[in-house]
Amino acid sequence: MMYLEKYPERLIDEEGNRLDGRKFDELRPIKIEVGTLEKADGSAYIEQGKNKILAAVFGPREAHPRHLAMPDKALLRCRYHMAPFSTNTRKSPAPSRREHELSKVTREALAPVLFLERFPRTSIDVFIEILQSDGGTRCAGIVAASLALADAGIPIRDLVTAVSAGKIDDQIVLDLDDIEDKAGQADLPVAMLPQSGSITLLQMDGEFSKDEFETALNLAIEGCKKISIMQKEALREKYAAPREEAHEDEKSQEKEA
Amino acid sequence: MMYLEKYPERLIDEEGNRLDGRKFDELRPIKIEVGTLEKADGSAYIEQGKNKILAAVFGPREAHPRHLAMPDKALLRCRYHMAPFSTNTRKSPAPSRREHELSKVTREALAPVLFLERFPRTSIDVFIEILQSDGGTRCAGIVAASLALADAGIPIRDLVTAVSAGKIDDQIVLDLDDIEDKAGQADLPVAMLPQSGSITLLQMDGEFSKDEFETALNLAIEGCKKISIMQKEALREKYAAPREEAHEDEKSQEKEA
Amino acid sequence: MMYLEKYPERLIDEEGNRLDGRKFDELRPIKIEVGTLEKADGSAYIEQGKNKILAAVFGPREAHPRHLAMPDKALLRCRYHMAPFSTNTRKSPAPSRREHELSKVTREALAPVLFLERFPRTSIDVFIEILQSDGGTRCAGIVAASLALADAGIPIRDLVTAVSAGKIDDQIVLDLDDIEDKAGQADLPVAMLPQSGSITLLQMDGEFSKDEFETALNLAIEGCKKISIMQKEALREKYAAPREEAHEDEKSQEKEA
Amino acid sequence: MSSAFMEIASKIKHKQIADLIKREKRLDGRTLTEYRDIEILVGPITKAEGSAQVSLGKTKVLVGVKIDIGEPFPDTPEDGVLTVNSEFLPLASPSFETGPPDENSIELARVVDRGLRESKVLDTKKLCILPGKKVFVIFVDIYILDHDGNLFDASALASLVAVITAKIPNYEIEDGEVKILEGLQDLPVQDYPIATTFAKIDNSLIVDPTLEEESAMEGRLTITTKQNGNICAMQKGLEGTFTVEEIQKAVITAQEKGEELRAKALGVRNG
Amino acid sequence: MSSAFMEIASKIKHKQIADLIKREKRLDGRTLTEYRDIEILVGPITKAEGSAQVSLGKTKVLVGVKIDIGEPFPDTPEDGVLTVNSEFLPLASPSFETGPPDENSIELARVVDRGLRESKVLDTKKLCILPGKKVFVIFVDIYILDHDGNLFDASALASLVAVITAKIPNYEIEDGEVKILEGLQDLPVQDYPIATTFAKIDNSLIVDPTLEEESAMEGRLTITTKQNGNICAMQKGLEGTFTVEEIQKAVITAQEKGEELRAKALGVRNG
Amino acid sequence: MSSAFMEIASKIKHKQIADLIKREKRLDGRTLTEYRDIEILVGPITKAEGSAQVSLGKTKVLVGVKIDIGEPFPDTPEDGVLTVNSEFLPLASPSFETGPPDENSIELARVVDRGLRESKVLDTKKLCILPGKKVFVIFVDIYILDHDGNLFDASALASLVAVITAKIPNYEIEDGEVKILEGLQDLPVQDYPIATTFAKIDNSLIVDPTLEEESAMEGRLTITTKQNGNICAMQKGLEGTFTVEEIQKAVITAQEKGEELRAKALGVRNG
């Protein structure tokens, strides 16, 4: 703890602007890239504000150690892990209890879109690495992980999407960053399936009245829908591009012909 | 260490009364219950003074992990474990070296009454949880565990019984409590088979002359015999009761007939 | 840290003598014994200065746990381990990162002389225990381990030999002891196959110019050759002796005849 | 029993449970939002600074609170420390194993911890003895004794009762040293969080599932409410999903059940 | 693919690589002593006190430097502390597993550590704040993101750049307490060690092996040089052996390559 | 050798051992209460503050004593600290494995520890330097080098000799700091505990069993006696049982053997 964190007295100014200038319903700037890594079967990278997160997928592959293999479906494993340098104070590389819990709820958030029963005796392994952490990493990790699953060519029902809503200075806002999370009043991370509207991750801490909770949940769902569009664009960017090139190749061949 | 323990100068007063009023050859108040737990195959609960101890037995069941299974007999496992809140200062939940040792001697104290060779490839698992600890827990744990074995319907040669003797203020006394153990001069935990008189657990620390040792061993054996009676009563209480009811049912049926 | 180590200002005096009186190219006194232990398949003990090191070999034996067995060759395992009392300040018994690394490079230094492919599905286990440590233990451990391999009757291409060279007071010297290592400028541990001259272990820390490095490497190689002779003598001492006795037996029989 | 047979048996049981729930009924005769009998035993462990044993039907959880004086965390130098730990004792269920806490045990401890912490059950400022140097450290240890379903609610309730009935010694500061005095005082209790857990089975939600019901459960949702009815913690578990409507309905039920169970907790505390 | 088939395929690949190297050629067209394209990204992790990402072809390594104030080791009471740790992330390769560092990961971290330490990259005396009590502690964490061979050189280079671009706060001592002031300063950098790793394949040495080349590699030799060209660390790895001539030749190449890569590191630092 | 064959071989050996013992004989010609040749080597490890190597026949145990200055336990602020640790080195027996101490190793260390502690071998008050702050910490590390049976007695004897021949530095207190002076002093030795271990084989007791005899042993009983002949520690091991008469007889033998071995220990100390 070289630097003691100090929080400002107000998180929203009189004009309704948050510390980084966002309005209550605004997402942080998001940059998504699919297929970032060479050696993984599928991968994706997301920046959301100062968050920098890599997700990679291996599988379906032979489950190892073998006694974990299941005769009727694939074993889905998920590891949410923070780099030692991702936080203000260095984090020990050994997984904390928080990381164990987030690995579990992330796996449960992703599982509903997979057809695990199609790949008996195998494992599907999802690795999420938080390279830099600035609030909302579990949701951003899920966003990247579902793209990595798609990039790995693993059949999925839908692209899981996720973002949190929260309460700061008594207002319900979207997509808390680290300061808003720590100095704020409540945090509500949500993951959902955009097609069906089903919620696959829901956690909450802080304090919400029933009405505040409903407002926050709806705001998170709206945020999820926006991120869902960005996810599809990122996929298209990777997979449409070559096709267009191929298309152009065809055209040029036609010309030549 | 919020409270520093202090020990009185004398553990026995001029009339021969110990701190809690007992005479040298008196046991603490003992309460035994058989079949306390729902999910275990067999269980028992013992209170001895302030000791509160649960014992549970599972098995014979498939040994897990499988490579531990033995082709010619059952694997007997035993865990003596203290709750973090069982002692004055909180105990770390991870098993200490003391708990490893007591698990071993407890297993060796119980093994002689089992017919392990009748259940090859299986395991019999004994779990002893010290919920509150006040001296003599290893013996009380054995007393409960042997009842839990009986309650699980596992064939046994005899009910192992156990209690410690010790030396305080230069006198040999039965069934030391925590203060007597810590401020006293010697402790001699003993487990035995009441039918044959064979000793299945024997440990000692402190200082005994040869004569003191023999006196203490005999006192412990007398104590064991008393506890053995209570064990049988506790078993009868559980298993005779329904039979009596059944008997009464028969009688009432007779009446009705 | 009861005693704070202090290092002298000069490690070599004006007449070119090192602290223990050695010249730059002198080895410390070395004592080697083969077959020191009873229960190991092969063993050796070496004293080099104040170093006291035991090496033992088991195998080829059934690999355990079994899933580590390899279908086409033996599994070579090696453990370099320091006794808690081997150093000035007590060392925790749990293997340190340094011990993990030295175990690895030791294994890689020994492997080239073994015919692992002749013993599929088995393991060959090499255990090196540093009972007292005084600089250059990894090399001395390799010297002892290769003798233990021979003592175990495991076929080898050559006896691996090893020693370090280094730089102290700007001079290149052979076989650094602990003070020379800590207060000196560079250390270059080398293991080699004396017949072919191949280098099987090479590490270095400190600072060498290219020329200094070549001088040091050559000095280490000369040292290795001297130690190689001692290794062979130690083997002969164990294995020739009985043969001579046998020979004498024959002679005495002849006389009797 | 062969594993194939057990699977069929389990499917039959699952169908039976689901069919009943469709008709708003349960195997043990309860309504969908009814808890099993709740028993709360206060202070069974006298060596602990606080303790409680809670039974929900056949589920039994013992919680002990140990309190020590230690250092605060560097980023909260003026706050006492609260830590929650849970042990799934192997004697509570054939499916529990010895060893360090697994992810289920960690999740349970963290959900209980979140409920206590986020409701601000204790005024942690008042647990500070010497800022930056000495604070009270509260260890809440959850001990699962018998597992017949709904460990979350039983553990949260037992933890609450153990904490609100725990005592710390009177003390004074002399020359920068803590001096323990005669007599005990209550912890600075501020709220009474109650967790209510829902099992989703074939698109219906039920509260307080038994182990048998849990075997048919697709999703789990725990909602913790404060004394003022507000929500202070939520946790969705398992691979099933929830609709927004289900969640909203669950919040209302959790508020109702929270009041019901809170009354019991306060009752045993005062009684 | 059957394991027998894969073994044959791997032997064919091995032969192909070795045959090419005999003719001083490589699969990707490089000469034997040529590195792949090197990309150095400075400061990608702004929450770290220093960071760098290095790509050698498709190999990608991220290093973060975190700095804290802590106690010195008892035997060096006036020196700051430098510790190097490495994680072979399971996302970097199908052969990497989760869990504590294995011997390969430990060896990598220790070889990088030795290069930094023995070159005296930092003046550790200047990292002492209060002798025997408070010093700067420098944590260098190596994160392998994509493994396509030659992790040693990529990790050493990324660690060097992360360390020489890291910042510590200005501070002053008031009544024996450290007071952090506004503004940042560089670490006391003294040298620029560069590691060059050789793979021995069928009696030839090549630098910067790809993963494919590593699969045919019998021995590995890493030589770290200082700015003055001197050697400060060496590490031979794997079960292959080296001749004296090979080692001598490698030293000369390492000096040349050291200069080349050092120029790049200094370039990104200053640019 | 097939496992079935080995089992038969082992049963034959067991019968042979038991038959001999019935006739008060043993495979190696000893009487039932006779120790093997005892060799005691004092101070083989000069870097340790104390050390001893003991051979009982082919069993060989090395004990090193390291001493440091550290903090006392909070509940005994005026006592030095003694800790005993044991390692069953994999080189001592094909049945020993690497890894953290197993229950056998822990039991051995604790039985040796109990003998030293309960006999009050050292006056721990005299090991206190600054009450509540600084005390001498004595680490006794048992290293099993060759396992041919009766590790308990060999370890206890080697530990005793290592402890009673260990040295601590002279020191003085200056302004609340410990200052180490020239010269060494003995530890404050008060007693000389000796452990005697009995193996029960087919209703007979023998002392100092070899490994071969241990393979036929049903029960084990270790009795530690003080210089005045009193008993200070006992430990029954294994699944066999003992009669009261056997125990009483063993106590007498332990007293005799204790005197015999104590004389040896004092002999090497003074010689």
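Residue numbers start from 1 in every chain, and the chains themselves are labelled A, B, ... in the order their sequence lines are given, proteins ahead of strands.
Residue-environment remark: NZ (B/K182) exceeds the threshold of 12 foreign heavy atoms within 6.0 Å. Within 6.0 Å of atom NZ in B/K73, 12 or fewer heavy atoms from other residues, nucleotides or ligands are found, so the atom counts as exposed in its surroundings.
Of the atoms belonging to F/E246, not a single heavy atom falls under 4.5 Å from chain B. For chain F, the nearby part of B/I221 is the side chain; its heavy atoms alone come within less than 4.5 Å. Heavy atoms of F/I223 lying under 4.5 Å from chain B are absent altogether. With a 4.5 angstrom heavy-atom cutoff, B/L217 touches chain F only via side-chain atoms. With a 4.5 angstrom heavy-atom cutoff, B/R107 touches chain F only via side-chain atoms. Looking at F/D102, neither its backbone nor its side chain comes within 4.5 Å of chain B, counting heavy atoms on both sides.
When side chains are defined from C-beta on, B/R97 counts as touching F/N85, because their heavy atoms get closer than 4.5 Å. Under the 4.5 Å side-chain criterion, counting only non-hydrogen atoms from C-beta, F/V251 is not in contact with B/E214. Between F/K236 and B/V105, the closest side-chain pair of non-hydrogen atoms is not below 4.5 Å. The side-chain heavy atoms of F/Q235 and B/Q203, taken from C-beta on, include a pair separated by under 4.5 Å.
Nearest heavy-atom pair, B/M204 versus F/C232, reported as atom, atom and distance to 0.1 Å: SD-C, 3.7 Å. For the pair B/K210 and F/N230, the tightest heavy-atom approach, listed with the atom from each and the gap, is N-OD1, 4.5 Å. Nearest heavy atom pair, residue B/P112 against residue F/E239, reads CG-O, 3.1 Å.
Your options are F/R117, F/K120, F/Q248, and the one with the most heavy-atom pairs under 4.5 Å with chain B is F/Q248.
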Item to check | Check against salt bridge (Lys or Arg N to Asp or Glu O under 4.0 Å), B/K104 and F/E107 | outcome: CA-CA 8 Å; B/K104 179 178 189 289; F/E107 186 189 24; 2.7 Å; yes
Checklist entry - side chain to side chain contact (heavy atoms under 4.5 Å, CB included) between B/E207 and F/N228: does it pass, once the steps are laid out? => result CA-CA 10 Å; B/E207 181 165 354; F/N228 63 8; 2.9 Å; yes
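To the nearest 0.5 Å, the span separating CG on B/D205 from OG1 on F/T224 amounts to 11.0 Å.
Results of the side-chain contact (heavy atoms from CB on, under 4.5 Å) test with F/T241 over B/I199, B/L202, B/T200 single out B/T200 as the only residue that passes.
Under a 4.0 Å N-O distance rule, the pair B/E101/F/R110 qualifies as a salt bridge.
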